[in-house]
Number of protein chains: 2
Amino acid sequence: MRRPTQGAGNARGTGGSGHSRGSGGTGGSERSGPRTDGPRTGRPGPPRESGENGVTLADVAADAGVHQSTASRALRDGAGVGAATAERVRESARRLGYVVNPAAASLRTGRSRLLGVLVPRLTDIVLATVYEGIEAGAAAAGYQAVVANTRDDPAAQRAKAERLLALRVDGLLLGDARGDTTLAPELVARGVPVALVSRRLRGVTSFTCDDMLGGRLVAEHLLALGHHRVGVVAGEPYASTGVERTKGFTDAYAEAGVPVDPSLIVNSSFDVHGGERAGHRLLAAKPRPTAIFAVNDFAAIGVMGAARAAGLVPGRDLAVAGFNDVPLSAQLPIPLTSVRSPMREMGERAALALVGMVEGRGARSRRFVPELRVRASTAPDGASRAPARTTN
Amino acid sequence: MRRPTQGAGNARGTGGSGHSRGSGGTGGSERSGPRTDGPRTGRPGPPRESGENGVTLADVAADAGVHQSTASRALRDGAGVGAATAERVRESARRLGYVVNPAAASLRTGRSRLLGVLVPRLTDIVLATVYEGIEAGAAAAGYQAVVANTRDDPAAQRAKAERLLALRVDGLLLGDARGDTTLAPELVARGVPVALVSRRLRGVTSFTCDDMLGGRLVAEHLLALGHHRVGVVAGEPYASTGVERTKGFTDAYAEAGVPVDPSLIVNSSFDVHGGERAGHRLLAAKPRPTAIFAVNDFAAIGVMGAARAAGLVPGRDLAVAGFNDVPLSAQLPIPLTSVRSPMREMGERAALALVGMVEGRGARSRRFVPELRVRASTAPDGASRAPARTTN
DNA sequence: ATCGTTCTCGCAATCGATTGTGAGCCTCGT
DNA sequence: ACGAGGCTCACAATCGATTGCGAGAACGAT
């Protein structure tokens, strides 16, 4: 009795709910009835299976006995479609194993539901963890994340960003923002929805750890332990993470009336090797520092290696603290004192926020608060002062 | 002011190369000539900017003064298009900043140039490294890789695979194949181009390290050092990597007439924690083993931690060997003996091979040969035998 | 000078999903 | 009972790129 439209078997053995459709299928005309048979010159062959299983929206619509448009609406928000009809369509879709073709939808809507993500390198467990959060956040919002490694190389960043944009991602999440580069602002100026994770940049919404605070926490801890001559392995100068962790640390020391000797602040790469090199340099300083703060756990591990090479036992002869608290840090032979930052959550919130921007809801930057994790690598400075007790 | 459709200035000052085309534009009729003006009910509004910058193939064609089809061919392989014309089209595309819309192309061709990748977890540096290779290989072939973490959970593997398939990836690269699961074979049966990386599975083309050989290399090394009572941290039983490394190792020992005590072979997760637990168990064995082979570097680090906790110095009181030779291993306080596997290359070749399968060229499995890296963590067994010299 | 080949290029039809507009049909009020 | 107002649904037109087929041009051969 309802929409006569076409025949299309609907073989469901449902008993009642009589939507029998009066006119019946008239068994014939496959296509949409009367058609101004237009000029029929070309004879393009069909490309191939549509997608996963070849089931298209038209198939679902035919099966449910409704028009494609109705089926489409029913499968989306269901607005403007009767409850019963919607359910029938959903059932058909389920039974037929229908899966929307994102290419078709994207072509029509102009949105891909893809989020591009740029990271220095996924082999850096910190970024990998952040990415796990991004993936989860994106998925929760119905988006798919697509990552690319840029090795912190400006040219690669630009190239990968364009590549992702060519893929028509709806937005870009940058985990490799550099203070000495203009890529991020340029993208924003171009109207591309952009958000930063892990590293900050003025003028671009970002989701980061409160690195200044993190650095300060370490400083306060070392100060309480009586360390007055301290070194800092500061990371790369173009990354806000290292810069701000260092600043928070030195600010706190300065406020305590014990300014950090500038010559004891050295830059480095964020890996074990970089930390090792920096460690050697710091340990060769005239009065040797009694504690070293590395802005990254792996760099801290490198520092511990350098200490050993110098015949020092980390935690006894030299206090060492890191940052990020990667799982490995707590399992080290000499567990590493570190600052825990909610990496996964940062990624998740960043992804959700970017989706918000994409969908017109806008978003505000957010800084997550870090927590100090004291372990064996930082012990009271046996030489200069009375050890202060710290609740572990 | 958008696409000029017809005439379109083509402001190029090119002089000759007379491809004047008799009929010329005739500047008139917008649409395709005669048309049975169909009923014109709906009046759908334009969705939005097409993509990156709104430049479409039609714009390029108009700018170059050719038909879309010609422009399309010119920008692709250039087959069937005059050299001069092709160059002119390419120039227009370049100047206008044209970028193909993958959604449109995908819709028409049925192929997305997307490669789906499944890994247990990107926070595992081994897989992250493999993925770097995959990304590079895919990019080199003009494809984009899309990863998802499955945490080695069968349900998640299935869910993520379907998700990726729904995205219409052209093929799937599995880095998390489990021997106790049928997902991979099922996908193959469904006709989905599938390749495995890192782990193997009978009947599915894979790109792996020759893990048996790797295990054997470690065994030979430890045998040469005189270790007769050895333990194995074997990893997860569902991963071919751990299983085969263990088998290669025990086979070699058996062949040498020194079968490994089955009670000294314990499974474990592939991380530090797992290695630590397994290490404790092994070190509690009646006659304590003098050497332990962990099928994964992180597990080996855990073993070293367990050794320390037991008052043993790795490399002196207990030989420890790992597998994969991640960068960290060589930088450890006590550098770890490990087996180097070409992780990045494996990923790259796997991606290239998958592309080959997608494009109809097929591909054969391949096993990469590993290399032993001897370091301080394995020293001659001071107790039982005369140390054999090994060329480092 | 005429005919046949080989190239080039334009035509128009898709691919599958989305959506503004308007036409039915039902319900409810008076 | 009849009209108004609401809901539901169908129409058909896109989105942008690809492609089989055929027409026309250019060129060589006889």
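Protein chains get the first letters and strands the later ones, always in sequence-line order, with residue 1 at the start of each.
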Rounding to 10°, can you tell me the angle the first-five-pair axis of the helix from C/dA1-D/dT30 to C/dT30-D/dA1 makes with its last-five-pair axis? 40°
B/Thr109 side-chain proximity, nearest of D/dT18, D/dA12, D/dC9: D/dT18
Calculate the interatomic distance between A/Glu87 atom CD and D/dT8 atom P; express it in whole Å. 15 Å
What's the closest nucleotide to the A/Leu107 side chain, out of D/dG16, C/dG20, C/dA17? D/dG16
Listed by chain and number, what are the side-chain contact (heavy atoms from CB on, under 4.5 Å) partners of B/Ala104, not counting sequence neighbours? A/Leu107, B/Asn101
Does B/Thr150 use its side chain to pair, donor to acceptor, with the backbone of B/Val119 at less than 3.5 Å? yes
Check step by step if side-chain contact (heavy atoms from CB on, under 4.5 Å) holds for B/Val169 and B/Leu115. CA-CA 5 Å; B/Val169 295; B/Leu115 256 33; 6.0 Å; no
Touch class at under 4.0 angstrom, heavy-atom based, for A/Arg76 against every strand present: sugar-phosphate
B/Gln68 has an atom CD; how far is it from atom P of C/dC11, in whole Å? 10 Å
State which of C/dT19, C/dA17, C/dG10 makes the closest approach to the side chain of A/Arg73. C/dT19
From C-beta outward on B/Ser72, which listed nucleotide comes closest to its side chain: D/dC9, C/dT18, D/dT18? D/dT18
Cationic tip of B/Arg113 within the cone over B/Tyr143's six-membered ring, i.e. under 6.0 Å and within 45° of the normal? yes
Does any donor-acceptor pair link the side chain of B/Arg108 with the base of C/dG16 at a separation under 3.5 Å? no
Between atom CZ in B/Arg111 and atom P in C/dC15, what is the gap in whole Å? 18 Å
Look at the side-chain N and O atoms of B/Tyr98 and state whether any lies under 4.0 Å from the OP1 or OP2 oxygen of D/dG16. no
When you measure from the side chain of A/His67, which nucleotide among D/dA12, D/dT18, C/dG16 comes out closest? D/dA12
Which residues pass the side-chain contact (heavy atoms from CB on, under 4.5 Å) test with A/Ala145, not counting sequence neighbours? A/Val117, A/Tyr131, A/Ile134, A/Ala138
B/Leu57, nearest nucleotide to its side chain (from D/dA17, C/dT8, C/dA17): D/dA17
Of the listed D/dA10, C/dA17, D/dG16, the closest approach to the A/Thr70 side chain comes from D/dA10
Answer with yes or no whether B/Ser69 presents, from its side chain, a donor or acceptor under 3.5 Å of a partner atom in the base of C/dC11. yes
Between P of C/dG16 and CZ of A/Arg113, the distance in whole Å: 21 Å
Going from OG1 on B/Thr205 to CZ on B/Arg364, what distance comes out if it is rounded to the nearest 0.5 angstrom? 11.0 Å
Nearest 0.5 Å please: distance from the CG atom of B/Leu118 over to the CG atom of B/Asn149. 9.0 Å
For atom CG of A/Asn101 and atom P of C/dC15, their distance in whole Å: 12 Å
